[in-house]
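Accompanying notes for the structure given below.
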Amino acid sequence: MRVAVIGGGVVGCLTALYLHRLGAKPVVIERGRTGQESSWAGAGILCPIHPWLYPDSLSHFVDYSLNLYPALNRDLYHLTGMSIQWRKSGLMIPLFSDDRVNHQAQAIAWSQQFGWQLDLLNRQQAVDAEPTLSPEVDGALLWPEVGQVRNPRLLQAARKALELSGVEIREMCEVTSLLEAGGRATGLMLADGSSIEADAVLLAAGSWSGELAEQWGISLPVEPVKGQIVLLKDTPGKLAHIVKHDDAYLVPRVDGHILIGASMERVGFSKGNTEPVVNRLLEATWRMAPGLKDAEIVEQWMGFRPGTPDGLPYLGPVNGRPGLWVATGHYRNGVVLAPGTAELMSRWMMGEEPAVDVTGFRIDRPVYESAAVGFPDR
Ligand SMILES: Cc1cc2nc3c(=O)[nH]c(=O)nc-3n(C[C@H](O)[C@H](O)[C@H](O)COP(=O)(O)OP(=O)(O)OC[C@H]3O[C@@H](n4cnc5c(N)ncnc54)[C@H](O)[C@@H]3O)c2cc1C
């Protein structure tokens with residue numbers, strides 16, 4: 001079965017790789033270069049921020065996906081020799097007396113329900129675990145099992161794995177329209193006027209999926225939600241855990257880089273970093289972890305998360321359009337959910353029943369805007 005995958009982000013690349021393993025013939029069609037958009041820009045935290053705010057279906061899907069990470073990590077390494085720096089660095093939420101929102105009760109209940117180890121640290125334990133934290137910290141919640149991956153490397157390794165597996169990658173090729181015949185999707189038209197024939201088409205174009213779907217008469221409310229990131233450099237190990245507080249999170253890499261993320265802006269496809277947001281991220285960092293004040297500020301960037309009104313992805317076939325499938329709208333959780341999405345979608349497209357309950361992710365689910373995890377205010 002030849003599958004035309006639109007989009008060479010983490011969702012498109014991994015799904016193509018998994019389809020290839022099942023004997024399909026995928027072709028990845030990417031407007032720019034693979035892995036350069038949201039999947040490159042993200043922070044690579046392998047757990048949703050505040051997972052208790054989502055319906056349980058998301059946490060079940062997170063479990064399913066995370067269980068596939070060890071094999072993905074191993075397989076990519078064996079195939080490509082590249083390390084994706086997948087590791088369990090733990091995630092800490094420090095608690096301060098003036099916290100705007102205190103999630104403690106929900107965090108404890110969610111961790112018990114989904115079997116995540118949660119350690120409740122007192123003030124001294126919190127400072128011992130993270131010496132750069134403000135001395136005003138009252139304590140902390142610590143999930144030692146939360147992992148991270150260096151997502152640009154995940155994308156490089158996925159691309160290399162596709163190449164080595166002989167999967168066709170068409171870069172600098174923009175999909176413009178869907179070809180249909182006899183009521184079925186039969187391929188795609190490209191901006192250069194050429195076409196690609198396929199037995200099935202998978203829309204995995206990240207933030208641009210909503211626009212493409214609309215052109216094809218499909219309502220798919222996926223919109224870009226811009227996220228800005230600032231990169232610090234300090235001594236390796238200075239920060240041990242991912243640390244999240246009200247307005248920012250910090251993600252330490254093994255080489256001493258620390259990502260500060262991330263804004264949530266509903267500003268369309270407006271590119272570039274802005275001074276007020278960068279300053280807000282830095283101020284939030286210095287407030288929670290003044291021990292990082294001397295860290296060098298080395299870079300800043302942004303990306304467009306494929307946002308959805310309820311914070312959940314859209315997965316599955318498009319009703320009434322045989323041959324057309326969707327895997328998009330992963331919003332803040334595309335890196336966490338990528339292996340799960342690839343496994344689910346590849347098997348589903350090859351004729352198996354979905355292994356997880358996909359009711360909450362179907363394309364025709366009712367649209368509702370949930371302030372907690374959906375779109376931010378404009
Ligand atoms: C600042 C920030 C922080 C984040 N942090 C995390 C995190 O810690 N953990 C986590 O799990 N997730 C995180 N995310 C979210 C995660 O990065 C995304 O959910 C995920 O990368 C989406 O992957 P994708 O493949 O759907 O989209 P993308 O990576 O955007 O890929 C879509 C691709 O489709 C291509 N395309 C679009 N239109 C066309 C067309 N017409 N023809 C051909 N190609 C086309 C684009 O060029 C692009 O390469 C973060 C995102 C941002 C921006």
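Both backbone and side-chain heavy atoms feed into the values below; hydrogens, waters and symmetry mates do not. Residue numbers run from 1 in the order of the sequence given. Note that ligands are numbered from 1 as they come in the structure, with each ligand's atoms numbered from 1 the same way. Note that the structure is a prediction, hence the values are computed from the model and not measured.
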Any idea which protein heavy atom is nearest [atom], and the distance to it?
atom	result
atom 36 (N) of ligand 1	Ala205 CB, 4.1 Å
atom 38 (N) of ligand 1	Trp208 CB, 3.6 Å
atom 44 (N) of ligand 1	Arg31 N, 3.0 Å
atom 9 (N) of ligand 1	Ile45 O, 3.0 Å

Looking only at distance, does [X] have an N or O less than 3.5 Å from an N or O of ligand 1?
X	answer
Ser39	yes
Gly35	no
Glu30	yes
Ser38	yes
Tyr331	yes
Val175	yes
Val11	yes
Ala43	yes
Leu212	no
Val335	yes

Could you tell me, atom by atom, which parts of ligand 1 come under 4.0 Å of a heavy atom of [X]?
X	result
Ile229	1 (C)
Arg305	51 (C), 52 (C), 53 (C)
His330	19 (O)
Gly44	7 (C), 8 (O)
Gly303	53 (C)
Glu174	41 (N), 42 (N)
Gly227	1 (C)
Ile29	43 (C), 44 (N)

Completion exercise
Nearest non-hydrogen contact to atom 50 (C) of ligand 1 from the set Ala41, Gly42, Gly261, Ser209 belongs to Gly42
Practice task
Report the member of Gly7, Gly206, Gly9, Pro306 with the shortest heavy-atom distance to atom 22 (C) of ligand 1.
Solution key: Pro306
Handout entry: Arg21 and Asp75: CA distance, side-chain angles, deciding distance, salt bridge (Lys or Arg N to Asp or Glu O under 4.0 Å) verdict
Key = CA-CA 12 Å; Arg21 283 187 194 158; Asp75 293 349; 3.5 Å; yes
Check each heavy atom of [X] against ligand 1 and say whether those closer than 4.0 Å belong to the side chain, the backbone, both or neither.
X	result
Tyr249	side chain
Thr34	neither
Arg332	backbone
Trp40	neither

Around atom [atom1] of [X], are there more than 12 heavy atoms from other residues, nucleotides or ligands closer than 6.0 Å?
X	atom1	answer
Asp377	CG	no
Gln117	CD	yes
Glu171	CD	yes
Gln106	CD	yes

Parallel, tilted or perpendicular for [X] and [Y], by the 30°/60° rule?
X	Y	answer
Trp86	Tyr69	parallel
Trp301	Trp40	tilted
Trp325	Trp348	perpendicular
Phe61	Tyr64	parallel

Exercise for the section: Measure from NZ or CZ of Arg31 to the centre of the six-membered ring of Trp208 and say whether it is under 6.0 Å with the direction within 45° of the ring axis. Expected result: yes
Handout entry: Contact check, Thr328 vs ligand 1, heavy-atom distance below 4.0 Å
Key = no
Practice task
Examine ligand 1 and decide if any of its atoms is less than 4.0 Å from a heavy atom belonging to Cys173.
Solution key: yes
Do the charged groups of [X] and [Y] touch, with an N to O distance under 4.0 Å?
X	Y	value
Arg150	Asp255	yes
Arg365	Asp310	yes
Glu283	Arg287	no
Glu223	Arg266	yes

Exercise for the section: Please determine which of Arg305, Gln228, Arg378, Lys226 meets the side chain to side chain donor-acceptor pair (under 3.5 Å) test together with Glu265. Expected result: Gln228
Handout entry: Criterion side chain to side chain donor-acceptor pair (under 3.5 Å) against Gln148, the qualifying member of His241, Gln85, Arg253
Key = Arg253
Problem - Qualifying residue, where the test is side chain to side chain contact (heavy atoms under 4.5 Å, CB included) with Met92 and the options are Leu133, Ile242, Leu141 - result: Leu133
